[in-house]
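Values below: all heavy atoms of this structure, side chains included; hydrogens, waters and symmetry mates excluded.
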Amino acid sequence: MAGVKEIMGRSLVMNNKSSSLTPSSRILYQHVEDFCFVSSCNRMNKRGLRISTNESTSYSPMAVISENLFRISKEKSVQFKVRGVVIVKKNKKEDFKESLANTIDDFSDKIGRNVVLELLSNEIDPKTKEPKKSKPAVIRNWSKKSKTKAERVTYTVDFMVDTNFGVPGAITVTNKHQKEFFLETITIEGFACGAVHFPCNSWVQSTKDHPDKRIFFSNMPYLPYETPEGLKQLREKELVALRGDGTGVRKLSDRIYDYDMYNDLGNPDAGIDLVRPKFGGESYPYPRRCRTGRLPSDTDINVECRVEKPLPMYVPRDEAFEETKQHTFSAGRLRAVLHNLYPSLVASILAHHDFKGFADVDDLYKEGLLLKFDEFKKLPKIVHKIQESSEGLLKYDTPMIVSKDKFAWLRDDEFARQALAGINPVNIERLEVFPPVSKLDPNIYGPQESALKEEHILGYLNGMSVEQALKENKLFMLDFHDIYLPFVERINALDGRKTYATRTLFFLSSTGTLKPIAIELSLPSTSYDVSSKRVITPPNCATSSWVWQLAKSHVSSNDAGVHQLVNHWLRTHAALEPFILAAHRQMSAMHPIFKLLDPHMRYTLEINCLARQNLVNAGGVIESTFTPGPYCMAISAEAYKTWRFDLEGLPADLIRRGMAIEDPSQPHGLKLTVEDYPYATDGLLIWSAIEKWVKTYVTHYYPDPDLIRNDRELQAWYRESIEVGHADHRHADWWPKLSNGDDLVYILTTLIWLASAQHAALNFGQYPYGGYVPNRPPLMRKLIPDENDPEYANFHDDPQRFFFTALPSLLQATKFMAVVDSLSTHSPDEEYLGERSQPSIWSGDPEIVEAFYGFSAEIQQIEKEIDKRNSDPNLKNRCGAGVLPYELLAPSSEPGVTCRGVPNSVSI
């Protein structure tokens, strides 16, 4: 307290313009230490720390101090100075427009149009009935320091506050300059309670665009009922501003979070081929997206007009990529453009140009797309110029799947291993009944009895009967029959796209690995017709070997589509967006649960917006390079009909698929039916760490279930996420309740799991596994010919050539490779699970900060355990000759394409 006395003494002397204190000031000075001590005790007491007192005594130090302070304040108002340290993040690049704005701002500073800050107390001023305020203060030396080349600029600002100001709980910022700036943090020093931190991380707009003052709250978390009197109105005012009124076209500088349906994927103004249905509603149920309020298209009033790249689409301003992320994304996009532009310039040739063999595929990684074909010599000079000047950029990195063993992907054991440890390890399921049973409505699709018979698989069961193999959990399946069959006829009617609805059976060997034993290929039929279903088994001759390989490729194409459209896009990106919108609309930034979720919401709205603009839109990358073409989003919407939030957590999902059973004796309460299942074993470590961290957090703030039931912001968030964000499922009875701590822990753990580990497992292996197109062709162009097919002769004469004509063309393959290369790239500013920006100040609650460091240490231990597992030769699904280690759930990563790393959020 000596430092407090010294500060107060100096301030009081300065303000009374005397070398000695006045009597009233001396009284104040005598009580400052007691006052600060009691104030600190009260703050600690609010967090559950008990201060021992003797209730029988009539002496109340706080009462005496309050009485003296009140008497002193009546004698004479006393003020003292506190200093603010403001950190602003600068743009690294400055264009002419920004340079001009900076020049104007320099001049504005000199004539008094500055950046003005005002401190607001936790306490109410009894006279004004509003929060106590400091005098407005101007940031010093803005124009001078803004010229520095540093990425972050530190400014100072001095506030004058009354001695009875209390503890600052909020700060307002008024930007009178021409352009916005990114405010990172504000720290106030000089109060007896110690430094007060304001983690802002927000763009502050000019008053010419947004005249209202920006409000930032300190890092102290408060449940709604705990909110200090001085902050209650500000808390609600900020939420009202973020919700908007649901009308109007959004400006890029707005901060409004609102909902809309997916009515902006099509572009009817550009032609009938680009008309797409509205997703969200009875016909095509779907999660809601962030509303932009754009005007309707010219040809359909129910369709929002398109904003095509490079023009930006609206997301709330603070959701946009920061500069480092934007630079990484733009660099990846430039690389993708070069990879795509060059083939596009020669599209008249490449559109019909197929890979002639494996050497053509290898050349993409060795030499790039070279002009080595005779017909290329006739192309314009610009094409040759690009070739000559961009050879390095036009070359593709060698995907990891072929880096250790060039032909490992051809082997059956690798095909099966990827179902457990590849880029889509969430579709494999235990076979419970043989033959498999369809859930499709027979009144619509006809009887769907499987063509699989015991005689197809008996020879591959190591002497077991089918019944015994089922009983001993030896049979597993990839089942894409029901999701694809309703679309197969429409897909196969498209030019250059052919597919089946597939089922693949696997047998679990004694070594713990799977082997494929049968593939069922189905075409639609209104009545049972054996010719519409075909069963392919492992080869016994050269010709059947290529039939088997084509069958595996069709399975991989089904798998790639479901992976991208359902598991990746729908279940992580799209399904999380409503929870993020509702969090910003219903929970204050000072709410503890908002603070917990904040890093797991970073960049998601922006990347989803870019996906609507370039990936899942009509004619976008997904439609162009995946087999379902214009029916891609319809397949995704069909899958949403059976989506269930209560089964999205890892343990529930494993049990649903029969890949685990409940067993309290096991470390995570589960026994896996395939012990060496890398996605599940690593995932359960991360799930449990997240659950433990969340439980600690929730228990700290909600020691009583009534606090959860009565938390109006928390309940409003969850209710709106369901009733508005997932409106098409709002009447489902499977939504978890939110009435106690266990409910809240499960909901939050599931959301954090989906945003971090689940997304990472499904995203960052896209190029390492899919960049070699024969391994996972996203698109197939031919069905498998039988002896009655006119193409059978070509297939029989040169099966390898036929195989490559069935895969994507060179143009389709290179376009796909360029995009998944960008999507698999980590940004240098990525925050990984167990990391937080400025962890020591994100929360003003020291117990929670300490608990977070414990969570971070546990995540680091998990990474060491994963490294250990990848070196264990007994784990054959992740270690061995030509086998890629399973690192997709290893938490940390370097920037770039690494096939590892678990970012906090869905950020790419």
Q: Using a 4.5 Å cut-off on heavy atoms from C-beta on, say whether the side chain of Leu234 contacts that of Leu231.
A: yes

Q) Between Pro316 and Cys290, what is the shortest heavy-atom contact and its length? A) CD-SG, 3.8 Å

Q: Quick one: list whatever passes side-chain contact (heavy atoms from CB on, under 4.5 Å) with Ala583, sequence neighbours left out.
A: Met587, Phe594, Met601, Trp717

Q: Taking side-chain hydrogen bond (donor to acceptor under 3.5 Å, both in side chains) as the test, write out the residues that go with Lys237, two or more places apart.
A: none

Q: Start with the C-alpha gap between Asp318 and His584, add the side-chain angles, then the distance that decides, and say whether side-chain hydrogen bond (donor to acceptor under 3.5 Å, both in side chains) holds.
A: CA-CA 11 Å; Asp318 290 340; His584 286 278; over 6 Å; no

(Q) With salt bridge (charged side-chain N to carboxylate O under 4.0 Å, His left out) as the rule and sequence neighbours excluded, what pairs involving residues 265-275 come up? (A) none

**Q.** Thr172 (side chain) donor-acceptor with Leu119 (main chain) under 3.5 angstrom
**A.** no

Q. Do Tyr284 and Tyr640 make the cut of ring centroids closer than 6.0 angstrom?
A. no

Q. Do Val116 and Lys176 have side-chain heavy atoms sitting under 4.5 Å apart?
A. yes

Q. Are any side-chain N or O atoms of Ser824 and backbone N or O atoms of Asp821, one a donor and one an acceptor, separated by less than 3.5 Å?
A. no

Q | His177 backbone acceptor or donor facing Asn175 side chain under 3.5 Å | A | yes

Q: Flag the pair Thr627 / Ile491 as yes when at least one side-chain heavy-atom distance between them is below 4.5 Å, and no otherwise.
A: yes

Q.
If you apply the rule side chain to side chain contact (heavy atoms under 4.5 Å, CB included), what do you find for Val819 with Asn614, and how did you get there?
A. CA-CA 10 Å; Val819 171; Asn614 303 322; over 6 Å; no

Q | From Phe645, Phe579, Trp734, Tyr259, residue fulfilling ring pair (Phe, Tyr, Trp, His ring centres under 6.0 Å) relative to His726 | A | Phe579

Q. Which heavy atom of Arg235 sits nearest a heavy atom of Ser588, and at what distance?
A. NE-CB, 3.3 Å

Q | Aromatic ring pairing His759/Phe764, orientation class (parallel under 30°, perpendicular over 60°, tilted between) | A | perpendicular

(Q) Minimum heavy-atom separation for Val157 and Val138, please, with both atom names. (A) CG2-O, 3.5 Å

Q: In sequence, state the C-alpha distance, the side-chain angles, and the governing distance for Val906 and Thr604, and then conclude on side chain to side chain contact (heavy atoms under 4.5 Å, CB included).
A: CA-CA 5 Å; Val906 178; Thr604 303; 3.7 Å; yes

(Q) Donor-acceptor check, side chain of His563 to backbone of His568, threshold 3.5 angstrom: yes or no? (A) no

Q. Salt bridge (charged side-chain N to carboxylate O under 4.0 Å, His left out): which pairs involve residues 212-223, sequence neighbours left out?
A. Glu118-Lys213

**Q.** Distance (rounded to the nearest 0.5 Å) between Leu762 CG and Asn567 CG
**A.** 6.0 Å

**Q.** Check: Tyr257 main-chain N/O paired with Arg585 side-chain donor or acceptor under 3.5 Å
**A.** yes

Q: Go through the structure and list residues passing salt bridge (Lys or Arg N to Asp or Glu O under 4.0 Å) with Glu835, not counting sequence neighbours.
A: none

**Q.** Minimal non-hydrogen separation, Asp254 against His210, with atom names
**A.** OD1-CE1, 3.0 Å

Q. Just wondering, do Asn201 and Arg602 contact through their side chains at under 4.5 Å, heavy atoms?
A. no

**Q.** Those residues that, when tested against Arg730, pass salt bridge (Lys or Arg N to Asp or Glu O under 4.0 Å) (two or more places apart)
**A.** none

Q. Partners of Asn904 by side-chain hydrogen bond (donor to acceptor under 3.5 Å, both in side chains), sequence neighbours excluded?
A. none

Q) Do the side chain of Ser756 and the main chain of Leu833 share a donor and acceptor less than 3.5 angstrom apart? A) no

Q | Close side-chain approach of Lys278 to Val303, heavy-atom, < 4.5 Å | A | no

Q) Are the side chains of Phe216 and Val204 in touch, meaning some heavy atoms are under 4.5 Å apart? A) yes

Q) Ignoring hydrogens and geometry, is there a side-chain-to-backbone donor-acceptor pair from His591 to Pro224 under 3.5 Å? A) no

Q: Heavy atoms only: give me the nearest Thr572-Leu754 pair and the separation to one decimal.
A: CG2-O, 3.8 Å

Q: Keeping the roles fixed (side chain from Asn608, backbone from His573), state whether a donor-acceptor pair exists under 3.5 Å.
A: yes

Q: Show your working on side chain to side chain contact (heavy atoms under 4.5 Å, CB included) between Leu610 and Tyr603 and close with a plain yes or no.
A: CA-CA 11 Å; Leu610 292 169; Tyr603 292 152; over 6 Å; no

Q: Could you name each residue pair satisfying salt bridge (charged side-chain N to carboxylate O under 4.0 Å, His left out) that touches residues 284-299, not counting sequence neighbours?
A: Asp260-Arg289, Asp264-Arg289, Asp264-Arg294, Arg288-Asp728, Arg289-Glu304, Arg294-Glu304

Q.
Using ring centroids (six-membered ring only for Trp), state whether His729 and Trp735 fall under 6.0 Å.
A. no

Q: Any chance you could measure Ser843, atom OG, to Lys595, atom NZ, to the nearest 0.5 Å?
A: 6.0 Å

Q: Say whether, by atom type as modelled, one donor and one acceptor occur between the side chain of Arg250 and the main chain of Thr247 under 3.5 angstrom.
A: yes

Q: Before giving the answer on side chain to side chain contact (heavy atoms under 4.5 Å, CB included), spell out for Arg255 and Glu238 the whole-Å C-alpha distance, their side-chain angles and the decisive distance to 0.1 Å.
A: CA-CA 11 Å; Arg255 299 170 55 240; Glu238 179 70 356; 2.9 Å; yes

Q. What residues, two or more places apart in sequence or in another chain, satisfy salt bridge (Lys or Arg N to Asp or Glu O under 4.0 Å) together with Arg497?
A. none

Q) So, do His826 and Tyr832 have ring centers that fall under 6.0 Å from each other? A) yes

Q: Measure from the ring center of Tyr155 to the ring center of Phe181 and say whether it is less than 6.0 Å.
A: no

Q. Of the non-hydrogen atoms in Gly619 and Ser624, which two are nearest, and what is the gap between them?
A. O-OG, 3.3 Å

**Q.** For Gln586, side-chain hydrogen bond (donor to acceptor under 3.5 Å, both in side chains) partners two or more places apart
**A.** Arg243, Glu720

Q. Is the shortest heavy-atom distance from the side chain of Gln758 to the side chain of Glu648 under 4.5 Å?
A. no

Q. Run the side-chain hydrogen bond (donor to acceptor under 3.5 Å, both in side chains) check on Glu130 and Gln233 step by step: do they pass?
A. CA-CA 9 Å; Glu130 292 183 354; Gln233 288 186 1; over 6 Å; no

Q.
If the condition is side-chain hydrogen bond (donor to acceptor under 3.5 Å, both in side chains), which residues does Glu606 pass it with, not counting sequence neighbours?
A. none

Q) Taking the side chain from Arg306 and the backbone from Gln613, do they hold a donor-acceptor pair closer than 3.5 Å? A) yes

(Q) Here's a test for you: under side-chain hydrogen bond (donor to acceptor under 3.5 Å, both in side chains), which of Tyr286, Tyr262, Trp569 qualifies with Ser636? (A) Tyr286

Q: Not counting sequence neighbours, which residues clear salt bridge (Lys or Arg N to Asp or Glu O under 4.0 Å) with Arg152? List them please.
A: Glu184

